[in-house]
Number of protein chains: 2
Amino acid sequence: MGSPVSIRDVATRAKVSVGTVSNVLNRPEVVAPATRERVLGAITELGFVRNDAARQLRSGTPRAIGLVVLDVGNPFFTDVARGVEDTASEAGHAVILCNSDESARREARHVELLAEQRVHGVLITPVDTDLAAVRRLRDRGISVVLLDHPTDEPDLCSVAVDDRQGGELAVTHLLAEGYQRIVMVNGPARIHQARQRHRGAVDAVRKAGRSRAVLEELVVPALNVASGQRAAERLLARSTRPDAVFCANDLLALGVLQVLVRAGVRVPEEMAVVGYDDIDFAAAAAVPLTSVRQPRQQIGRTAAELVIAETMSPAEHEHRHVLFAPELVVRESSRRPVRPRRGR
Amino acid sequence: MGSPVSIRDVATRAKVSVGTVSNVLNRPEVVAPATRERVLGAITELGFVRNDAARQLRSGTPRAIGLVVLDVGNPFFTDVARGVEDTASEAGHAVILCNSDESARREARHVELLAEQRVHGVLITPVDTDLAAVRRLRDRGISVVLLDHPTDEPDLCSVAVDDRQGGELAVTHLLAEGYQRIVMVNGPARIHQARQRHRGAVDAVRKAGRSRAVLEELVVPALNVASGQRAAERLLARSTRPDAVFCANDLLALGVLQVLVRAGVRVPEEMAVVGYDDIDFAAAAAVPLTSVRQPRQQIGRTAAELVIAETMSPAEHEHRHVLFAPELVVRESSRRPVRPRRGR
DNA sequence: CAGAGGTGTTAAAACGTTTCAGGAGGTGCC
DNA sequence: GGCACCTCCTGAAACGTTTTAACACCTCTG
């Protein structure tokens, strides 16, 4: 049957007052062992489960934090989510995971919902750079940590990875391996990460100061496998092909790689490929993929720690902007063979 | 500043009673347009946000449903989650997504949390077959739908895909293409899906009735890329290799495929590979992967519909066991070339 | 034996909503 | 003018907890 069993039922059963039951639940040490046992007995006998709504209403301290990501299908975010969940559940918080799917409307709806739930705090990768939704949350007194979206806003925490440095790492590596004609397959400029990674790539070329190296940007509408495939097809159709491709994320790179492999283009001899994110599949691709790794779980953990710290002591909390350093993982797809070209 | 603005503040501001504000919020049609506007004005001016805890406490009707999956990193589950979220948010429900990570302890903790939240219902892929956690939820009057875990339990709904049929589809296809020595790379027997898919594979061989075809099972500890790689290495080390590999999921298959491609084994000429789940990466692999597709989003949608229907009218609800049919997607990795072997 | 200082328990007041019985005021009908 | 019937609004009770002040009882101290 249903279970409308409340703390009051437990109290009568154990022949104590409701206050005592509440104490057993929340501060067991203040109640005498004998009564404590009696109450616990009643609880299990009746199958009592605390009603969190009432608890929250009275105590004012919620037990959930919200996490709003751009795309649950993206392994990057699922890893971040895992990190968040780890530290959150250690602190006794539930995580409400929301998927904005890069839609401002969905984001707004989710944010509204989280506000109504009176969550402890919200970790969010905002859809737009204007941060309208984020501002509204803050105005309602909910602490917010920006995820993977660096900012200078003084009244917000943020946790991100230095995308510009990541782009620079990738292209510097390609130049060092001797590649000259590099195409960056990039997402649309409205995506913050895409812009930064491209800037880093430009930095690399500039710093190398070699006049022969050229970097071109090829913009695709979405950061997924299909877009990568189409981009590769376009590159193959050219009369002079690039000798290296740097992709704004691994999904693009896998799409590119597949088309190249199937077209018989040797990777990396004829064309190198570098991705970004180092998702699990990167290492398992037909040609293991060089990629820029981000400390994904750690991003999640750090963000969760920040939001919990802020809500614990809002007064003396100092907003921090954590910027992790990316790391280049070199694999076969971009390693110039030691010997000069084989065959001829 | 914080926002301890309650319905009462709105009421005084709009010079009405709290009851009227509540009516504006929940049944706007019963209040006169003029007052309605006045109240709405006050709401936006004060930045009022409903406190869901209080609402739930009083009304007794929660607005969230729980979803407990084995692995958020697995694309199968993220697609299911997407389906769940779609129909749930249409019905005005939030989705609390929990990751049990195949750990009974984590599952128990999440289930406890969901029970305390008094969620509308729970969709769960149970870690164990004994369904202890599920029973406890039901005892507390929370409706449960089993996800991807077929059952005959008469007091539960379930939504799943016919894994046995899927296994049979895959192996029947391999046999039809002329493959003879088939190895199934499978997960441990405690995983329900692994058992069923293997049974289906056995069915296929039996039905084909061809005495020359052999099916062997190679059990690996986990259903991931690394396990697939190790399995393929073991197969390659043998003196007589199989001519086809059927993997219990796509992650395994991708691992196998990678090792084969790198070792120079031609796929499918020398060895065919078939996966299971048809994740996005399957089509984008070096050799596009034949796989068994499951209607993932539809599983999620159907499950959400069932749990919502059940909680709407628990009395006349009839528990259903929905079993979707899998579909074989044939790609290059298992298509026997029309001509006999090339070369020689 | 009075008072001080524990310890363990209780009763009642909150928390912010929804809901419901009922009241005020207006309109139409006989 | 009395009555019935609307429409719109109000006031208060209830939901299940946590929290706090107060109380009862015991033990120790002087």
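All heavy atoms count here, side chains included; hydrogens, waters and symmetry mates do not.
- Put simply, CD on Glu116(A) is 15 Å from P on dG16(C), counting in whole angstrom units.
- If you take CD of Glu29(A) and P of dG6(C), they are 18 Å apart, rounded to a whole angstrom.
- Taking only side-chain atoms of Ser22(B), from C-beta outward, the nucleotide of dG16(C), dT19(C), dT17(D) with the closest atom is dT19(C).
- Closest to the side chain of Arg55(B), from the set dG8(C), dT17(D), dT17(C), is dT17(C).
- Residue contacts for Asp52(B): at a heavy-atom cut-off of 4.0 Å it reaches no nucleic acid atom on any strand shown.
- The side chain of Asn26(A) has dT18(D) as its nearest neighbour among dT10(C), dT18(D), dC15(D).
- Between Arg138(B) and Glu153(B) there is no salt bridge, since no side-chain nitrogen of the basic residue lies less than 4.0 Å from a carboxylate oxygen of the acidic one.
- Nearest to the side chain of Arg27(A), among dT18(D), dT10(C), dT20(D), sits dT20(D).
- Checked against the 6.0 Å centroid criterion, the rings of His317(B) and His319(B) qualify as a close aromatic pair.
- Interatomic distance, CD1 of Ile96(A) versus CG of Leu113(A), reported as 7.5 Å (0.5 Å rounding).
- With Glu90(B) contributing its side chain and Glu85(B) its backbone, the two residues share no donor-acceptor pair below 3.5 Å.
- Between Arg58(B) and dG16(D) there is no side-chain N or O to OP1 or OP2 distance below 4.0 Å.
- Neither OP1 nor OP2 of dG16(D) sits under 4.0 Å from any side-chain N or O of Ser6(A).
- Protein atom CG of Asn51(A) is 12 Å distant from nucleotide atom P of dC15(D), rounded to whole Å.
- Map Thr35(A) and Ala54(A) each onto its nearest nucleotide of DNA chain C; the residue landing nearer the 5' end is Thr35(A).
- Rounded to whole Å, the distance from CZ on Arg118(B) to C1' on dC15(D) is 12 Å.
- Here Arg50(B) reaches the OP1 or OP2 of dT18(C): one of its side-chain N or O atoms lies under 4.0 Å away.
- Fit an axis to the five pairs at each end of the helix from dC1(C)-dG30(D) to dC30(C)-dG1(D) and the two axes sit 60° apart, to the nearest 10 degrees.
- With Arg38(B) contributing its side chain and Ala14(B) its backbone, the two residues share a donor-acceptor pair below 3.5 Å.
- Of the two residues near DNA chain D, Asn23(A) and Val30(B), the one whose nearest nucleotide lies more 5' is Val30(B).
- A salt bridge between Asp101(A) and Arg82(B) is present, with a side-chain N of the basic residue lying under 4.0 Å from a carboxylate O of the acidic one.
- We find that CD of Gln117(B) is positioned 17 Å from P of dG16(D), with the value rounded to whole Å.
- One can place CG of Leu25(A) at 12 Å from C1' of dG16(D), the figure rounded to the nearest angstrom.
- If you take CD of Gln56(A) and P of dG16(C), they are 12 Å apart, rounded to a whole angstrom.
- No option in Leu67(A), Val84(A), Val134(A), Val307(A) other than Val307(A) meets the side-chain contact (heavy atoms from CB on, under 4.5 Å) test with Val145(A).
- Checked for salt-bridge contact, Arg140(A) and Glu116(A) miss the test: no charged N lies under 4.0 Å from a carboxylate O.
- Following rounding to the nearest Å, Leu46(A) (CG) and dG16(D) (C1') show an atom-to-atom distance of 15 Å.
- Among the nucleotides dT17(C), dT18(D), dT10(D), the one closest to any side-chain atom of Ser59(A) is dT18(D).
- Nearest-nucleotide positions on DNA chain D place Thr20(B) closer to the 5' end than the other of Thr20(B) and Leu57(B).
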